[in-house]
Amino acid sequence: MVQVSIAGSTGSVGTQALDVISLNRSLFDLTAIFANSSVDLLAKQANLFRPKLVGIGVDKLARELIKQLDYSPEVVAGDEALVAVAESGDVVLNAVVGFAGLPVTISALESGKRLALANKESLVSAGDLVAKVRFSSSGEIIPVDSEHSAIHQAMRSSFFTDVEVSKIILTASGGPFRGKNRESLAEVTLEEALAHPTWSMGPKITVDSSTLMNKGLEVIEAHELFGIGYDKIEVVVHPQSMVHSIVEFTDGSAIAQISGPDMRLPIAYALGYPSRLKQAFGALDWKQSRLLEFEAPDTENFPALPFAFEVGLRGGGAPTWLNAANEVAVAAFLASRIRWIDIYAMVRASFERYQDTELDSIDDVLNIDSEARRATRSIIEKL
Ligand code: MG
C-alpha cells in the first residue's frame, strides 16, 4: 500500500486525486490531508477516508473541524499543518494553489518523499532553492501538470535524455479567447475568462490559461523540472487538448502523450509511478475520426507568454516576482477590480520595479515575493 498525503484536498486537483484513490483502494491509503479553509468539505473527506492526520490552514477553523469529525485523527492547524502533511506518507501530492504551496514542496523533498507536484508556482518562484533541496535529498518530483506529465512520460522512451532531447514542445489549448483581436479582448468578462473550452480547473489557473500566463509559467516549470534550456522549449497551440506535450529527439523522432483532457490521468500517473494503474482515465476511441490541429501561439495579443520566456531567462528572483505580481493581478481580476487586459499590464508595470536578486535562501524568496505583491497592489490601487 502506498501512503498518500494530499495538501490542497478540497480544490480541483485534490478532489480528483481522492477520486483516483477511491477507485484504487487496494493500492493507496490516504494518510494525511490539508485544506486551507474549506472546513465542511475537508471534514467530509476525512470522515470518508479516515486519514491519520488532518490539517487546516486557518487556525480558528480547527474547532469547527474537530466538531464535524466522527473519529479522532491528529488535527494540526495553521502554518505547521502544511509541513506536517508534507512530512507524512510515501507520496505527497502538492495541490495547493499558488505561492502558498512552497512549504509543501520544500518539506516533502527535504523529508525524501516522492512529490507529486501540481503546484507549479513553487517551482517557478523558488527554482534554484527547490533544485538545491531536490538534488541533495532522496526526494524526487513527479509532475502532475498535464503537459509536464506528458513530457515525463515521453522522456521514458530515451536512455540518454541529456544528449538525445532536441526540444520540448508544450501544447496549449489557447484558452477561451483564442482568435480574438485586441479590441475584443478589451471587452472580455470574468465569466468568459472562467469558461475554459476543454479543461475543468480551479479559477486561478483558468484565468492564467486565458492570458497564456499559465503556459508561460509552465515554460519556466519545464525548464526547472527537466533542466532544459529555454532555447529548446517551444509552445504550440493545440485546441483539442489531446496531445498533452511532445518531446522531440535528435534523430527527428517526436514522442507525444495523447489522451482525453482528464486530470485524473496525470494524477494517477504521479501517484502510481513507476507503475501504471489498471484504471484508465481519458482513454480515446481511436476508431472515431477526429482532427488534431497545431498552430503558432498569438504572442502579440497574448504577450504574457513571450514575457515569461524573457523573465525565465533572466533567472534568479525574476520568476519569483513575475509569479507574485501575477497572483495579485489575477486575484484583483477575480474580485472584479480590474479588467482582463489589465492583468498583463499590471504584471508588466510591476516587473519594471524588479532589481536582479539571487535566490540563496528561503528568505530571499519570501522578500522578493512580498515586495512584488506590495508593488503590484500599489499599481492596481492607482488604476
Ligand atoms: Mg498544465
Side-chain angles (χ1 to χ4, degrees), residues 8 11-17 20 93-99 101 105 115-125 127 141-155 168-178 193-226 228 233-247 256-271 273 281-282 292 294 297 302 304-305 308-309 312 319 322-323 326-327 330:
S12 173
V13 169
T15 50
Q16 294 184 77
V20 170
L93 172 62
N94 186 356
V96 172
V97 177
F99 183 73
T105 294
L115 174 65
L117 185 65
N119 176 268
K120 69 189 70 158
E121 292 90 344
S122 54
L123 261 189
V124 171
S125 296
I141 303 180
I142 310 297
V144 169
D145 207 348
S146 60
E147 295 78 359
H148 305 74
S149 175
I151 294 164
H152 193 272
Q153 295 179 56
M155 289 282 198
I168 278 176
I169 299 108
L170 288 171
T171 54
S173 70
F177 303 144
R178 184 175 62 95
L194 288 175
H196 196 278
T198 49
W199 287 100
S200 150
M201 305 177 291
K204 197 265 178 181
I205 185 171
T206 304
V207 172
D208 282 346
S209 296
S210 74
T211 60
L212 290 200
M213 183 59 90
N214 180 53
K215 209 51 54 179
L217 298 176
E218 287 180 354
V219 166
I220 300 173
E221 182 186 11
H223 168 78
E224 294 295 337
L225 274 173
F226 302 107
I228 298 280
I233 303 175
E234 261 178 34
V235 172
V236 294
V237 170
H238 165 52
Q240 290 80 21
S241 297
M242 296 212 176
V243 174
H244 296 298
S245 276
I246 305 158
V247 178
Q257 186 264 323
I258 308 177
S259 59
D262 187 331
M263 275 310 292
R264 292 174 302 176
L265 170 50
I267 292 167
Y269 174 81
L271 296 184
Y273 183 82
F281 297 106
L292 298 180
F294 301 91
F302 298 90
L305 178 59
F309 269 97
L322 171 75
N323 177 68
N326 182 58
E327 285 189 19
V330 170

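All heavy atoms count here, side chains included; hydrogens, waters and symmetry mates do not. Order of appearance sets the numbers: ligands from 1, and atoms from 1 within every ligand. Just so it is clear, the structure is predicted and the values come from calculations on it, not from any experiment.
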Answer yes when Glu224 and Lys120 have at least one side-chain N-carboxylate O distance shorter than 4.0 Å, and no when they do not.
no

Measure the shortest side-chain to side-chain distance between Leu117 and Val144 over non-hydrogen atoms and say whether it is less than 4.5 angstrom.
no

Please find the N/O/S atom of Glu218 nearest to the Mg ion (ligand 1) and write down its name.
OE2

So, of the N/O/S atoms that Glu147 has, which is the nearest one to the Mg ion (ligand 1)?
OE1

Over 60° means perpendicular and under 30° means parallel, so tell me whether Tyr269 and His152 are parallel, tilted or perpendicular.
perpendicular

Write the atom name of the N, O or S atom in Asp145 that is nearest the Mg ion (ligand 1).
OD1

Assign the ring pair His238 / Phe294 to parallel, tilted or perpendicular, where the plane angle (0 to 90°) is split at 30° and 60°.
parallel

